[in-house]
Visitor: 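I am attaching a structure below and will ask some questions about it afterwards.
In what follows, chains are A, B, ... by sequence order, proteins preceding strands, each numbered from 1. Just so it is clear, the values below take in all heavy atoms, side chains as well, and ignore hydrogens, waters and symmetry mates. Just so it is clear, the model here is predicted, and its values are computed rather than measured.
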Protein chains: 2
Amino acid sequence: MGTSTGQPTIVSIAERAGVSIASVSRVLNGVGARRDTVLKVERAAAELGYVPNAVARSLKGGRTRQLTFAMPDIGNPVYVAMVRAIQTVAKAAGYRLLLHSTDAVVDDELAVLRSLGDRTSDGLILCPIRITDAHIEALRTAAGPVVVIGSLPDGVPVDSVRADSVAGAALAVRHLHDTGRRRIAFVNGPADTVPGRNRDEGYRAALADCGLVYDPDLVVHTDFGIESGAEAADRLLAEGRPDAVFCANDQLALGAARALHARGLRIPEDVAVAGMDDSMLAQAGWPPLTSVDLGSTERGRRAAELLLNRLDPAEPVTETATPRSTTAPPRLVVRASTGRAAPDS
Amino acid sequence: MGTSTGQPTIVSIAERAGVSIASVSRVLNGVGARRDTVLKVERAAAELGYVPNAVARSLKGGRTRQLTFAMPDIGNPVYVAMVRAIQTVAKAAGYRLLLHSTDAVVDDELAVLRSLGDRTSDGLILCPIRITDAHIEALRTAAGPVVVIGSLPDGVPVDSVRADSVAGAALAVRHLHDTGRRRIAFVNGPADTVPGRNRDEGYRAALADCGLVYDPDLVVHTDFGIESGAEAADRLLAEGRPDAVFCANDQLALGAARALHARGLRIPEDVAVAGMDDSMLAQAGWPPLTSVDLGSTERGRRAAELLLNRLDPAEPVTETATPRSTTAPPRLVVRASTGRAAPDS
DNA sequence: TTGAAAGCGCTAACAG
DNA sequence: CTGTTAGCGCTTTCAA
């Protein structure tokens with residue numbers, strides 16, 4: 001029965017070409033071989049429709065040429081931007097991208113970290129929603145290179161890429177002040193997350209900077225999402241009489257805009273609205289949303305580059321290697337939602 | 001010097017536990033073993049922090065427990081919805097998800113199909129932008145199970161999941177007619193794609209159904225994207241005086257809405273706007289967009305299920321197996337952008 | 001119940 | 001330049 005069923009392997013090629021499997025391997029990898037050997041092997045491979053088995057290669061070589069990206073929720077435009085950037089860099093370097101949605105479940109994030117040990121991928125980019133002691137421990141003992149998108153405490157030997165949401169929030173608040181707003185409300189995300197705390201810090205700092213006082217009636221913490229933004233804005237409108245609403249992300253801002261529209265308030269004449277992330281959503285609404293770009297794309301790109309760099313044989317991961325950390329600068333993108341206030345206001 | 005460096009393997013465990021690697025494997029796989037053997041092995045494994053090497057397992061078992069999803073552009077909310085659904089199903093079944101952005105490049109799609117032969121993943125979900133003869137050929141000779149999200153010609157032995165954009169477009173047009181519109185413009189995507197043709201078909205059929213005549217001045221073909229939608233709407237407004245604009249996806253609709261706002265036209269009082277896909281964008285704008293849900297999530301889910309079913313050892317892929325095809329029913333989601341026309345119009 | 005050994009498909013060291 | 005062979009880490013006969 002000659003050749004057995006199934007996919008062709010180097011053995012089938014060797015048989016067909018009448019050479020050894022070693023020669024097949026050499027030809028296929030472009031290592032030296034006699035002209036007619038090359039020809040025979042190439043012909044046999046083509047006739048058989050041979051495709052090298054990547055799994056066998058990985059086992060032998062110890063590398064899968066796969067990268068893993070784990071983030072809380074692929075439904076969030078911010079993570080989509082990251083995926084896109086990472087995929088682009090990975091593809092260019094000949095790596096495949098493995099996607100993991102953790103649904104913001106801590107145990108899931110830890111499981112992903114541990115699963116680095118199964119050698120399924122050569123490295124991991126992790127975007128945790130929160131960093132617990134368990135995270136730190138898992139990061140210390142990770143079985144392979146990891147890059148974290150987010151803020152890590154000092155002393156954790158892991159590369160990271162950060163957003164500067166303190167500065168970002170400040171950019172937005174100052175811009176609102178510059179365009180004449182004095183009662184700047186703030187719809188923030190959960191208070192117990194790193195980004196939440198940072199944005200709050202930026203908001204307060206910028207207020208002080210502009211000579212405005214912090215008014216608790218003008219601040220709401222909620223979870224992310226359009227509905228939450230609408231509810232939060234409703235509450236603020238009733239209590240605080242703001243002339244601007246600054247939101248911790250674009251979804252919240254879109255929700256706030258909806259609430260304003262529903263009340264017949266004009267944006268930006270009556271109330272200005274600004275968001276954060278400058279996701280694709282910022283341009284979706286009406287009026288287009290002023291937003292602070294925290295560099296999602298840039299962070300994804302840099303994270304992928306850092307990781308690939310660690311995978312580069314020239315720069316092996318050593319316990320003693322100093323962790324590298326870069327911060328993507330925020331950028332204010334001004335659109336119609338924060339035009340000048342109406343003169344009579 | 002005793003145990004060598006690197007990750008622990010079954011060999012290190014065997015040494016430590018004082019048993020053979022076969023016993024280690026058995027214990028780790030829950031196959032019968034004496035009580036104290038089990039204990040010894042489990043202790044050694046725990047102490048060493050052993051994680052099974054998935055690559056070696058794959059080589060032995062011939063399955064990677066990975067699925068590949070290839071689509072044109074992860075930036076498009078429709079594909080994000082699919083990724084999300086696929087990831088959920090895959091995760092539940094113990095499969096990882098490999099993501100491939102083809103950037104709508106045909107050669108890239110074909111390369112992905114061919115790469116099925118490298119055994120990197122057990123199956124492929126492909127969402128092609130267009131189906132060429134080369135696609136058909138590659139699908140016929142695919143080295144593993146494939147599910148196509150899109151419309152395949154008869155006779156191609158591949159499972160597929162389709163959207164019914166003909167019926168979907170008709171739903172929207174009839175709804176616009178029902179709410180009193182009579183000059184219903186249509187901003188469609190490229191004419192040379194299957195979805196483009198289908199939507200056009202649905203539009204024409206529904207017009208006829210409603211007793212309206214097809215007016216070329218009310219139809220524009222463009223590519224997808226917010227800007228394109230705005231430009232198209234501008235052109236239509238100048239030439240056709242429509243009282244409704246139906247768009248082939250939500251991005252176009254958002255663009256159209258922007259153009260209307262910019263001209264001071266009210267939505268829906270002066271002009272109604274409807275989109276397609278019912279993506280997250282539909283709820284982002286103001287007013288919230290009426291949109292036809294073509295079942296992106298549903299299609300992703302079904303595609304993943306079909307694929308997993310083919311991977312199930314009980315139902316092996318046979319050349320003679322009849323390809324299965326399901327169609328996700330469209331659903332009209334009515335929101336404020338298509339409220340009744342102003343009585344005086 | 002256990003151990004020895006074969007083998008998944010490939011690469012690379014070593015002889016010839 | 002070419003063939004033989006060992007081995008990547010694991011599962012799975014086959015004997016003992």
Side-chain angles (χ1 to χ4, degrees), chain A residues 3-42 44-45 48-65 115-120 122 143-144 313, chain B residues 3-42 44-45 48-65 115-120 122 143-144 313:
Chain A
T3 328
S4 73
T5 80
Q7 293 264 116
T9 69
I10 51 169
V11 175
S12 11
I13 299 184
E15 283 171 358
R16 186 171 192 112
V19 299
S20 74
I21 61 166
S23 287
V24 174
S25 176
R26 280 189 213 104
V27 170
L28 262 24
N29 291 297
V31 188
R34 212 193 312 153
R35 182 156 223 68
D36 83 299
T37 309
V38 173
L39 258 36
K40 279 190 292 188
V41 169
E42 282 177 346
L48 258 30
Y50 172 76
V51 180
N53 183 316
V55 176
R57 274 201 172 150
S58 295
L59 181 59
K60 183 98 247 278
R63 322 180 324 145
T64 55
R65 303 204 75 90
S115 81
L116 247 185
D118 74 9
R119 311 275 95 180
T120 278
D122 297 341
Chain B
T3 326
S4 73
T5 81
Q7 292 266 116
T9 69
I10 51 169
V11 175
S12 10
I13 298 184
E15 282 171 359
R16 186 170 192 115
V19 299
S20 72
I21 60 166
S23 288
V24 174
S25 176
R26 281 189 212 104
V27 170
L28 261 26
N29 290 298
V31 187
R34 212 193 313 154
R35 183 156 222 68
D36 83 300
T37 309
V38 173
L39 257 36
K40 280 191 292 188
V41 169
E42 281 177 346
L48 260 29
Y50 172 77
V51 181
N53 182 316
V55 176
R57 274 202 170 148
S58 295
L59 182 57
K60 186 95 246 275
R63 321 179 325 145
T64 55
R65 303 205 73 90
S115 81
L116 248 185
D118 74 9
R119 310 275 94 179
T120 278
D122 297 342

Visitor: So, OP1 or OP2 of D:dT11: does either fall under 4.0 Å of a side-chain N or O from B:N29?
Guide: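 Indeed, a polar side-chain atom of B:N29 lies that close.
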Visitor: Pick base, sugar-phosphate or nothing for A:A22, based on heavy-atom distances below 4.0 Å to the nucleic acid.
Guide: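 Base contact.
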Visitor: Closer to the 5' end of DNA chain C via nearest nucleotide, is it B:I21 or A:P52?
Guide: B:I21
Visitor: Just wondering, do A:L28 and A:S25 contact through their side chains at under 4.5 Å, heavy atoms?
Guide: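 Of all side-chain heavy-atom pairs linking A:L28 with A:S25, none is under 4.5 Å.
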Visitor: Nearest whole Å is fine: how far is D:dC1 P from A:D36 CG?
Guide: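 One finds 12 Å between P of D:dC1 and CG of A:D36, rounded.
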Visitor: Return yes if some donor-acceptor pair links the side-chain N/O of A:D122 with the main-chain N/O of A:R65 below 3.5 Å, else return no.
Guide: yes
Visitor: Whole angstrom is fine here: how far is it from CZ in A:R119 over to C1' in D:dC10?
Guide: 15 Å
Visitor: Does a side-chain N or O from A:T9 land closer than 4.0 Å to OP1 or OP2 of C:dG9, or not?
Guide: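 No, no such contact exists.
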Visitor: D:dC8 P sits how many Å from B:R57 CZ, rounded?
Guide: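 That distance rounds to 18 Å.
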Visitor: Please tell me if A:S25 has a side-chain N or O lying less than 4.0 Å from either OP1 or OP2 of C:dC10.
Guide: no
Visitor: What does A:V11 touch in the nucleic acid at a heavy-atom separation under 4.0 angstrom: a base, only the sugar-phosphate, or nothing?
Guide: nothing
Visitor: Nearest-Å distance, NZ (B:K60) to C1' (D:dT13)?
Guide: 9 Å
Visitor: Please report, rounded to the nearest Å, how far the C1' atom of C:dT11 is from the CG atom of A:L28.
Guide: 12 Å
Visitor: Roughly, in whole Å, what's the span from CZ in A:R63 to P in C:dT11?
Guide: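 So the two atoms are 13 Å apart, to the nearest Å.
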Visitor: Between atom CZ in A:R35 and atom C1' in D:dT2, what is the gap in whole Å?
Guide: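 Answer to the nearest Å: 18 Å.
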Visitor: May I ask you to decide if B:T120's main-chain N or O and B:T64's side chain share a donor-acceptor pair within less than 3.5 Å?
Guide: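 Yes; judged by distance alone, with no hydrogens or angles, the pair exists.
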Visitor: Any side-chain heavy atom of B:K40 sitting closer than 4.5 Å to one from B:V19?
Guide: yes
Visitor: Are OP1 or OP2 of D:dC1 and a side-chain N or O of A:R26 less than 4.0 angstrom apart?
Guide: no
Visitor: In terms of side-chain heavy atoms of A:Y50, which of D:dT12, C:dC10, D:dT4 is nearest?
Guide: C:dC10
Visitor: Write down the distance between CD1 (A:I10) and P (C:dC10), rounded to a whole number of angstrom.
Guide: 5 Å
Visitor: B:V19 has a side chain; which of C:dG3, D:dG7, C:dG9 sits nearest to it?
Guide: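 Among the listed nucleotides, the one closest to the side chain of B:V19 is C:dG3.
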Visitor: Check whether any side-chain heavy atom of B:N53 lies under 4.5 Å from a side-chain heavy atom of B:Q7, and answer yes or no.
Guide: no
Visitor: Can you identify which nucleotide, out of D:dT2, C:dA5, C:dC10, has its nearest atom closest to the A:R34 side chain?
Guide: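 My answer, after comparing the listed nucleotides, is D:dT2.
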